[in-house]
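Reading through the structure tokens given below for one structure.
Keep in mind the model is a prediction, meaning the values are calculated, not measured. Counting convention: from 1, in listed order, for ligands and their atoms alike.
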Amino acid sequence: MNERLLREEIRDVPEYVPGKSIEEVKKEYGLKNVIKLASNENPYGPSEKVFEEIRRGDWKLNRYPPVEVPELKVRVGEYTGCNPDQIVFGAGVDGVLETLFKLFCRKGDEILIPIPTFPYYEILTRVYGGKPVFVRRDKKYDVTAEMIESRISRKTKMIILCSPNNPTGNSIPNEELSEVLESTSAIVIVDEAYAEFADWNALSLAGKFDNLILTRTFSKAFGLAGLRIGYGILPDWIVPHYMRVNPPFSLGTLSISCALKALEDLDHVSRTVEKIKEDREWLLRKVPFRAFPSQANFFMMDTTPYTADELSEKLLRKGIIIRNLSGFRGTDGHMVRISVGREEENRKLIEAMEEIA
Ligand SMILES: *Cc1c(COP(=O)(O)O)cnc(C)c1O
């Protein structure tokens, strides 16, 4: 073992701590029934067309997948209303983000990150030698153009806005976003992993600014988290550079075909999205704690009078896994994030919380 061989940038990289799995909780707490409302997945899964496609077989898995996926570009172009030439793919939004960091982040570059937010932005920043500049969101967890502009310096290379924001659930208004885009030549990444659940999105700005990048995914609304497929909507000038740097076979054969099938059944997506949004509002009315409004398939909740650790533990004992946010930068140990599940799961959650509160 010789840890001095590691790049020094790696030393400050925080560990990504995933939540407990259903199997772990069953074993540890001796429970038969455990539900997981912790990872913001679509509880209804993908369209039946996806399963038909998988069963079709004949996958030629000994062969490498294609490097270019023109049909998928066209379909995603139709879905988003963007020019297909602006669309690039990666192994989830995570993969797209990593390639963008490879393109832009040099040692000492400042990366502006409003917090609390998705922890992987900080991990990538540190891995690539950047300096995260954390902008604390206001009391309602909003972030304004003014708050961001006041932290922009000559060294600011990228600004990463998650909208709707994981874990707080709110979106940045397009007026604020436009103001940020106009005030800087730094790259502004808007991570729209949850766009399908939101009241608005930033697509209308995508062709208008040559420093705006949107990232989106098949993991959340499309129910394909296990297949690792995400995309970026880039300004034209970045596309060829992205293509040179992104790993050539980042999308698996199965992922490409299943994403195409999922896009053929947008009815399934809107049906499940509408159901999840309805149930989110139901949950927000029912929870006996202070919950924050949300535009995503999850919501954040203040666990006072308990700590987040205490409430998470009490729910675990009842067979319910939620996301404890105490490890998230910018929260105070009293916040949890809860994903909207199936109806019966949501009912079980409310019953359990009523017994605790
Ligand atoms: C889940 C999530 C991702 C990861 O998406 P993948 O496409 O599965 O990599 C990215 N950003 C945010 C904010 C997320 O919550």
Review point. From Y29 OH over to E313 CD, what is the distance, rounded to the nearest 0.5 angstrom?
Key: 3.5 Å
Review point. Above 12 or not: heavy atoms from other molecules or residues under 6.0 Å from CD of E344?
Key: yes
Review point. Do N211 and S185 have a side chain donor and acceptor closer than 3.5 Å?
Key: no
Study note, to complete from the structure: For T331, the side chain to side chain contact (heavy atoms under 4.5 Å, CB included) test, sequence neighbours excluded, returns P116, L325, F328, M335
Practice item. Report all protein residues having a heavy-atom distance below 4.0 Å to some atom of ligand 1; order the list by chain, then number. Key: G92, V93, D94, F118, Y121, C162, N166, D191, A193, Y194, T217, S219, K220, R228
**Study point:** Min side-chain heavy-atom separation R56-K261 under 4.5 Å
**Key:** no
Point to revise | Under 3.5 Å donor-acceptor, N33 side chain and G319 backbone | key: no
